[in-house]
Amino acid sequence: MVSDSRGSPASLDQARPDSDELLADVLRGLSEPPYALSPKYLYDQRGSELFDRICDLEAYYPTRTELSILEESGGEIASAVGGEALVVELGSGSSNKTRALLDRLPQPAAYVPVDISREHLEAAAARIDGIYPELEVLPVAADYTRPFPLPRPTCPAERTLLYFPGSTLGNFDLPDAEDFLARQAEQAGSGGGMVLGLDLQKDVDVLLRAYDDPEGITAAFNRNLLQRLRKELGADLDIEAFAHRARFNEELGCVEMHLESLTDQEVRIGGHAIPFQTGQTIRTERSYKYTLDGFRTLAERAGFRVAQVWTDPAAYFSVQYLEVV
Ligand code: AVJ
């Protein structure tokens, strides 16, 4: 059963940045070098489609590895979580990942998909409702990086379980990751927890191949951001004059995506001229790769205890159960 939360406080449109906000953010990010834009802007409709294709690529190991862990260890994960949980999924992901958890959880109280995009949200809610007709589904349209009120399920929940697969946490810089987790620990409350999918450090060649695949889908995904600037902000820029680059930032322990200018040029956006020298880049994403120890320390500072960790045999990826302390 899907309850429409439209009109409830949680659904008030914090959703979808308008073009004023995009313009302000872009001008801020390009005001002085090093230029950087938020990875959230990679996901317009075309970007989301390209991201789905990335998830199916041989070179992009995270998605299938996470799914294999969820499938392999789903029973153990479900026992760690326990019964009658209010399952709150941060970013309504693919129904595959949702099912891997919901299929095994004893008597979940309700399922709450949270997403900034109403389209994604409604699709996710409808999919899950079709698979589990008995389960109460309470979609919330919100930016989950900001506080949002949780809906109250009809059957009272024993605990709040936040579900955050996909290593999306990897997009947060370390202090932001800690703040975010601290807020989520508060949101889940005592007795609550989080099932988190988190990518791990590994051979740099494997990492770079995942972010610069031979098929060029990741390149198209990155360069689509330029197309978006043209379409939504009327930017005057030549997409062909930028190339996709993936780099490993040793100091921070993250993969970075960049758009590298292939010539000396000036890009015009909203009445501003932004100069580029050959080789100068716009950083469009950081994707942090954790060690298990490094993450445990961060989680503890945020008020969680890492109760259990599951990995694939090569330890490329981890699924972790965090308990609120
Ligand atoms: C969705 C943030 C987990 O960092 O691997 C995929 C996004 N960027 N290929 C990641 C992404 C380039 C992805 N996350």
Side-chain angles (χ1 to χ4, degrees), residues 36-70 89-94 96-98 113-117 120 124 143-145 162-174 176-177 180-181 194-228 242-249 252-260 281-290 295 312 316-320:
L37 298 176
S38 166
K40 72 180 177 191
Y41 294 125
L42 295 165
Y43 300 89
D44 62 353
Q45 202 194 320
R46 171 100 182 114
S48 300
E49 286 164 15
L50 287 164
F51 178 66
D52 286 344
R53 288 178 61 191
I54 289 172
C55 291
D56 290 333
L57 292 171
E58 185 274 321
Y60 191 72
Y61 63 84
T63 311
R64 67 166 177 282
T65 309
E66 180 175 42
L67 272 170
S68 74
I69 299 168
L70 289 169
E89 182 164 6
L90 305 175
S92 31
S94 76
N96 283 349
K97 286 181 196 166
T98 310
V114 184
D115 204 281
I116 195 164
S117 147
H120 288 177
D143 173 354
Y144 61 75
T145 63
L162 303 166
Y163 187 36
F164 197 33
S167 202
T168 310
L169 189 71
N171 270 166
F172 293 64
D173 287 318
L174 299 181
D176 298 338
F180 173 78
L181 287 176
M194 177 184 279
V195 170
L196 173 73
L198 196 67
D199 200 11
L200 301 177
Q201 277 184 26
K202 61 185 62 63
D203 197 86
V204 172
D205 293 341
V206 175
L207 287 174
L208 293 182
R209 209 172 104 80
Y211 291 83
D212 194 4
D213 60 276
E215 284 97 321
I217 310 297
T218 308
F221 172 63
N222 195 12
R223 293 167 89 229
N224 175 61
L225 183 54
L226 298 170
Q227 185 64 45
R228 185 172 183 188
F242 287 89
H244 166 68
R245 299 280 182 250
R247 300 180 183 164
F248 188 67
N249 183 325
L252 296 178
C254 61
V255 176
E256 296 181 348
M257 293 205 308
H258 290 258
L259 291 161
E260 181 178 318
T281 73
I282 307 172
R283 193 186 72 235
T284 53
E285 180 173 55
R286 279 189 176 138
S287 187
Y288 284 81
K289 308 303 168 189
Y290 284 89
F295 181 70
D312 54 299
Y316 273 15
F317 200 94
S318 67
V319 174
Q320 313 206 8

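Numbers here simply count residues along the sequence, with the first being 1. Remember, it's 1-based here, ligands and their atoms both numbered in the order they're listed.
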- prompt: In terms of heavy-atom contacts, does CZ of R46 have more than 12 from other residues, nucleotides or ligands at under 6.0 Å?
  reply: no
message: Can you confirm if the aromatic rings of F164 and Y144 lie within a centre distance of less than 6.0 Å?
response: yes
query: Any salt bridge between R283 and E260, counting N to O under 4.0 Å?
result: no
task: Determine whether the aromatic ring centres of Y43 and F221 lie less than 6.0 Å apart.
output: yes
query: Can K202 and Y61 be counted as having a side-chain donor-acceptor contact under 3.5 angstrom?
result: yes
List of N/O pairs, ligand 1 versus protein, all under 3.5 Å?
{"residue": "ligand 1", "atom": "4 (O)", "partner": "Y211", "partner atom": "OH", "Å": "3.4"}
{"residue": "ligand 1", "atom": "4 (O)", "partner": "S287", "partner atom": "OG", "Å": "2.6"}
{"residue": "ligand 1", "atom": "5 (O)", "partner": "Y60", "partner atom": "OH", "Å": "2.5"}
{"residue": "ligand 1", "atom": "5 (O)", "partner": "Y211", "partner atom": "OH", "Å": "2.4"}
{"residue": "ligand 1", "atom": "8 (N)", "partner": "E285", "partner atom": "OE1", "Å": "2.5"}
{"residue": "ligand 1", "atom": "8 (N)", "partner": "E285", "partner atom": "OE2", "Å": "3.4"}

statement: Paired with T65, the side chain to side chain contact (heavy atoms under 4.5 Å, CB included) test is passed by just one of D199, D312, V319, namely D312
